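Note on naming: letters A, B, ... go to the chains in the order of the sequence lines (proteins, then strands), and numbering restarts at 1 for each one. Every value quoted in this text rests on a predicted model; they were computed, and no experiment measured them.
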Amino acid sequence: MAQPAALPTRYDFATAEPRWQQEWAARGCFRVADAPAGGQPKYYVLEMFPYPSGRIHMGHVRNYTLGDVVARYKRARGFAVLHPMGWDAFGLPAENAARERGIHPARWTWDNIATMRGELQRMGLSIEWEREFATCDPAYYGHQQKLFLDFLRAGLVERREAWVNWDPVDGTVLANEQVIDGRGWRSGALVEKKRLAQWSFKITRFAPDLLEALGQLPRWPERVRLMQEKWIGRSEGARVRFALAEAVGEIADLEVYTTRPDTLFGMSFLALAPEHPLAAALSARDPKAAAFIAECRRMGTSEALIETAPKQGFDTGLRVRHPFREDATFPVWIANFVLMDYGTGAIFGCPAHDQRDLDFARKYGLPVTPVVLPPGAEKADFVIADQAYDGPGVVINSGFLDGLSEAAAKDAAIAELARRGRGEGVVNWRLRDWGVSRQRYWGCPIPIIHCQACGVVPVPEADLPVKLPEDVSFEKPGNPLDHHPTWKHVVCPTCGRPARRETDTFDTFVDSSWYFARFCSPGAARPVDRAAADHWLPVDQYIGGIEHAILHLLYARFFTRAMRATGHLGIAEPFAGLFTQGMVTHESYKSAAGAWLYPSEVEKLPEGGARHRETGEAVIVGRIEAMSKSRRNTVDPGAIIARFGADTARWFILSDNPPERDMEWTEAGVQGAWRFIQRLDRLVEAIAAGTADAPMPGAFSASARALRQASHRAVAAVTEALENFAFNVAVARVHELANALAEAETAAGMAGGDDLAWARREAAFLLCRLIAPMMPHLAETLHEKLAPEAAALIAEQPWPVAEPALLAREQVTIAVQVLGKLRGTVTLPPGSREDAVAAAARAEPNIAKALAGARVVKQIFVPDRIINFVIAR
RNA sequence: GCGAGAGUGGCGGAAUGGUAGACGCACGCGACUCAAAAUCGCGCGCCGCAAGGCAUGGGGGUUCGAGUCCCCCCUCUCGCACCA
């Protein structure tokens with residue numbers, strides 16, 4: 001690939017960056033104690049740790065840059081900052097590499113870690129590398145096994161059956177992402193749902209607390225709290241028992257959960273999930289039912305797929321009695337859109353007031369009876385067409401419920417159900433228990449032994465960690481642990497007879513559910529050292545992608561509670577502050593032949609369009625999308641850092657846009673950041689060469705005072721911006737300070753006195769400290785130019801404080817509106833009174849013109865901001 | 001399908017309900033240069049000669065005043081429980 005032309009360099013990042021990185025490490029600038037004794041306030045900054053996929057990507061660079069700005073800023077603000085890094089090192093890609101390329105997952109993973117560690121270190125992050133660990137290390141996962149055993153003892157774990165995607169050809173369980181159009185990604189075989197015994201964490205036990213505690217997380221994004229709230233999904237409704245007209249085997253009743261017992265009289269059918277026990281019982285005697293259920297099983301386990309698939313149903317021929325109407329019975333269907341995991345796995349269908357039920361009823365010609373009349377509608381002409389009505393109203397066509405509001409009817413219906421013994425009011429949760437068993441090799445072994453005589457036996461703690469065997473084969477399909485010749489054969493710790501090891505491993509979400517706690521004392525002999533955890537937890541600022549808003553964060557919240565219940569931790573909430581960053585995107589490119597091209601293969605043309613760097617062939621410029629390997633719209637951070645330096649990459653990332661939004665990586669943006677670094681270097685160089693350390697002058701000229709005001713306003717504004725995660729605003733304020741410095745340089749060239757020289761030095765020193773969290777290497781280099789003899793590094797210096805006197809405004813510009821429209825401005829001293837502002841405003845010709853011949857009926861005045869004349873003619 | 005967000009000049013964006021467009025990128029003009037690059041200066045929402053008008057995805061509403069608050073709609077993004 002053609003090399004871009006070399007850039008003119010003043011600031012030699014290639015020498016400076018490694019030098020400062022070594023200096024910080026040598027001085028131990030980022031080290032803290034596990035359990036410090038002193039009274040320094042603590043601050044724990046954590047970014048979501050990476051999966052070692054091979055190389056770091058721009059999403060990592062963004063994530064760790066954001067975290068590093070916070071860590072360096074808080075350190076300067078006087079906090080003892082814990083800022084660790086590790087590796088989320090178990091997972092499917094390592095096994096895929098093993099199957100595809102014959103590399104052992106451990107080798108692949110540790111090689112990737114070595115590569116990525118080097119890349120992260122070249123970013124100049126203020127990380128305490130001494131705390132690093134990888135979850136695939138027995139020194140980590142052994143403690144996880146201990147936690148599992150403690151949870152088991154505390155009743156927080158159970159064994160239960162769950163449905164999985166089964167590839168009958170490969171003989172493996174498939175992840176949802178490995179199911180493509182209902183087929184296994186490797187074998188192409190039609191996927192089936194299969195039932196397996198699984199270990200499950202009882203997260204639902206904490207459902208009420210997980211929900212309520214969201215209210216005590218003010219430093220979490222509102223939308224994440226909302227998403228978790230909806231995910232936990234507390235609802236109030238009724239459990240209703242419908243009697244089958246004829247029992248099927250031992251099944252005489254069908255239980256349904258509904259949030260709308262007020263619409264029971266609008267029922268037209270009952271529908272079962274295909275996995276419902278009654279459906280299973282029917283399929284044994286009815287081949288058509290069995291065929292329909294088999295068809296539903298092909299859909300896999302993904303809820304999104306189930307809910308978007310066309311609605312399908314099968315009429316079982318069974319009927320149930322209505323709980324309130326002795327005379328009426330309704331058909332029982334099996335429907336592909338009913339979820340076994342929610343409620344009881346059966347619903348009653350009220351098509352008039354539920355859209356899915358309506359779609360289903362229309363498809364199969366089932367009756368639609370409206371029972372809630374919207375406000376303002378007439379019963380006589382209210383009909384349901386293709387839109388179900390789910391709003392409030394008055395109940396009709398419903399016997400004893402007629403005339404009630406839908407809310408009152410819910411209570412009345414529940415009371416009547418209870419009286420008849422056909423149901424009761426219940427609270428239901430959408431949240432399901434967390435199945436953690438995975439039939440895979442590259443994960444943490446579940447420390448359990450299955451004994452024919454003793455049943456499920458926990459591995460004795462003295463035998464932990466249960467280590468993965470290294471000599472495994474990926475030649476055969478299925479779980480390598482299961483077909484390993486010796487590993488699973490053990491003696492029962494209880495009875496001493498031959499027994500079988502659990503060959504399932506943990507979901508990798510388990511690994512990432514407590515790593516933040518391990519970082520407090522990574523060498524501890526127990527999972528966590530209480531003193532260290534009590535000191536450092538909770539994480540004060542957690543930073544990561546919005547894609548983790550629900551699962552990872554909810555599992556970590558559960559784990560923290562479970563660790564508290566088992567005495568490992570003293571807190572319930574792991575993350576006091578949360579920030580979710582956006583993705584990194586880039587234009588995508590395709591050749592005329594339709595092949596994706598890497599940005600590095602493409603040359604943008606000045607007149608628009610693009611061509612291939614080597615062949616000159618025209619290139620189609622596609623959408624701006626999240627960087628992904630499959631679209632090849634990726635930019636390699638390593639190459640960017642080698643060419644421009646880490647500070648350029650960091651500065652561009654911070655400057656481009658607000659960090660919670662998606663950012664677009666562009667060559668022009670990187671170039672802009674690069675040029676700004678060179679500019680700062682020039683500006684500070686001129687000051688270092690042209691001024692000397694001197695006592696503060698007694699008086700300042702207008703230009704010197706203006707520069708001092710600009711400096712101190714920059715201090716205040718950058719501080720505020722950093723506090724608010726408004727890094728792009730912080731960048732803009734630094735630009736403004738640089739502009740003020742450049743202006744002062746011009747003034748100094750013409751007629752600069754000692755006072756201006758002093759103000760320029762002051763500005764330069766402040767600038768170094770303001771940019772330090774964002775461009776730490778440049779900050780050190782510039783600081784060294786200004787003060788070659790200084791003993792302390794910028795990384796060791798406190799955050800600057802603005803002088804209040806320099807922040808005060810001498811004049812303010814007040815907008816003058818007539819009838820809310822801007823008609824002019826007046827400039828007055830701050831704090832001017834309303835009558836003075838009104839008089840000044842009326843003296844403006846434009847305002848006088850607008851007010852001529854009119855009567856001011858109202859005058860709105862906001863001090864120092866606006867005066868608005870409301871007039872009538 | 002369900003849940004949650006986002007949408008402001010050519011582009012990224014700024015803006016306690018109070019002068020929309022700070023700052024940057026791109027672009028244009030000028031200076032410097034034999035020339036180019038780099039650098040520096042000026043300009044830059046749209047319509048209009050101007051006065052002025054119009055502008056924050058679209059449509060309504062609340063308010064003296066709305067990018068900001070409320071309702072409806074459109075588009076895009078994230079999540080949906082075995083990717084991490």
Side-chain angles (χ1 to χ4, degrees), chain A residues 5 7-8 10 48 50-51 53 88 90-93 162 164-165 173-179 198 221-231 233 301-309 311 337 341 355-356 359 430-440 507-509 512 545-552 554-555 580 582-583 585 625-626 655-658 660-664 666 668-669 671-673 675-676 678-679 682 726 728-729 731-736 739 742 746 813-825 857-862 865-871:
Chain A
L7 290 150
R10 301 182 40 92
M48 291 179 185
Y51 179 76
S53 54
D88 189 12
F90 276 134
L92 270 181
V164 295
N165 297 308
V173 176
L174 298 177
N176 280 335
E177 70 157 13
Q178 297 174 321
V179 180
Q198 307 259 297
E222 175 68 23
R223 65 163 159 157
V224 174
R225 282 181 285 161
L226 253 178
M227 280 191 266
Q228 291 219 350
E229 182 186 324
K230 303 286 180 183
W231 184 264
T301 58
S302 158
E303 189 176 314
L305 276 176
I306 292 168
E307 295 222 28
T308 48
K311 290 179 180 39
F337 65 91
D341 289 319
Q355 192 61 43
R356 283 185 307 182
D359 296 343
R430 205 185 79 97
L431 183 68
R432 310 202 292 259
D433 279 330
W434 172 20
V436 292
S437 296
R438 299 291 182 269
Q439 296 69 43
R440 314 200 189 288
D507 177 5
T508 55
F509 271 125
S512 55
I546 184 68
E547 66 274 18
H548 295 291
I550 296 178
L551 290 179
H552 162 60
L554 198 57
Y555 291 152
T580 54
M583 294 179 301
T585 67
E625 293 186 80
S655 65
D656 187 64
N657 68 347
E660 67 275 15
R661 290 207 209 159
D662 290 352
M663 75 166 285
E664 188 193 351
T666 59
Q671 301 272 1
R675 280 200 303 270
F676 185 66
Q678 305 305 321
R679 181 171 182 229
R682 275 196 309 276
N728 56 327
V729 180
V731 165
R733 299 303 167 232
V734 171
H735 272 283
E736 283 172 347
N739 291 343
T746 311
T813 302
I814 297 170
V816 183
Q817 297 183 341
V818 176
L819 279 175
K821 284 203 186 268
L822 184 73
R823 291 299 175 207
T825 59
V857 288
K858 199 171 169 188
Q859 184 171 301
I860 282 119
F861 177 67
V862 181
R865 303 220 70 140
I866 200 165
I867 185 158
N868 184 9
F869 298 105
V870 184
I871 57 169

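Distance check on atom C1': B:rG7 versus B:rA14 gives 16 Å, rounded to whole Å. Separation of the C1' atoms belonging to B:rU16 and B:rC11 is 28 Å when rounded to the nearest angstrom. Across B:rG18 and B:rC23, the matching C1' atoms stand 22 Å from one another, rounded to whole Å. Here, B:rG58 and B:rG48 have their C1' atoms 26 Å apart, quoted to the whole Å. When the C1' atom is used for both B:rA4 and B:rG53, the distance is 40 Å, rounded to whole Å. Rounded to the nearest Å, the gap between the P atom of B:rG10 and that of B:rA6 is 23 Å. Comparing B:rG59 with B:rC25, their C1' atoms are spaced 34 Å from each other, to the whole Å.
Across the protein-nucleic acid pair, A:E177 atom CD and B:rC78 atom P stand 15 Å apart, rounded to whole Å. Remark: C1' of B:rG7 and CE of A:M663 are 19 Å apart, rounded to the nearest angstrom. Atom pair A:F676:CZ and B:rC40:P shows a separation of 11 Å (rounding to whole Å applied). At whole-Å resolution of the value, CG in A:D433 and C1' in B:rC82 are 16 Å apart.
Across all strands shown, B:rA31 forms a Watson-Crick or G-U wobble pair with B:rU39, both key distances being under 3.5 Å. Applying the Watson-Crick and G-U wobble criteria (two distances, each under 3.5 Å), B:rC49 pairs with nothing in any strand.
In textbook terms, a nucleotide whose glycosidic angle is within 90° of 0 is syn, while B:rG7, being further out, is anti.
Of the possible polar contacts, none joining the A:E307 side chain to the A:F337 backbone as a donor-acceptor pair under 3.5 Å is found.
A sub-4.0 Å separation between OP1 or OP2 of B:rC80 and a side-chain N or O of A:R432 is absent.
Heavy-atom nearest nucleotides on RNA chain B were determined for A:G435 and for A:A626, and the one closer to the 5' end corresponds to A:A626. Sequence order on RNA chain B of the closest nucleotides to A:R440 and A:A726 puts A:A726 first from the 5' end.
At a threshold of 4.5 Å between non-hydrogen side-chain atoms, the residues A:L551 and A:W231 count as touching.
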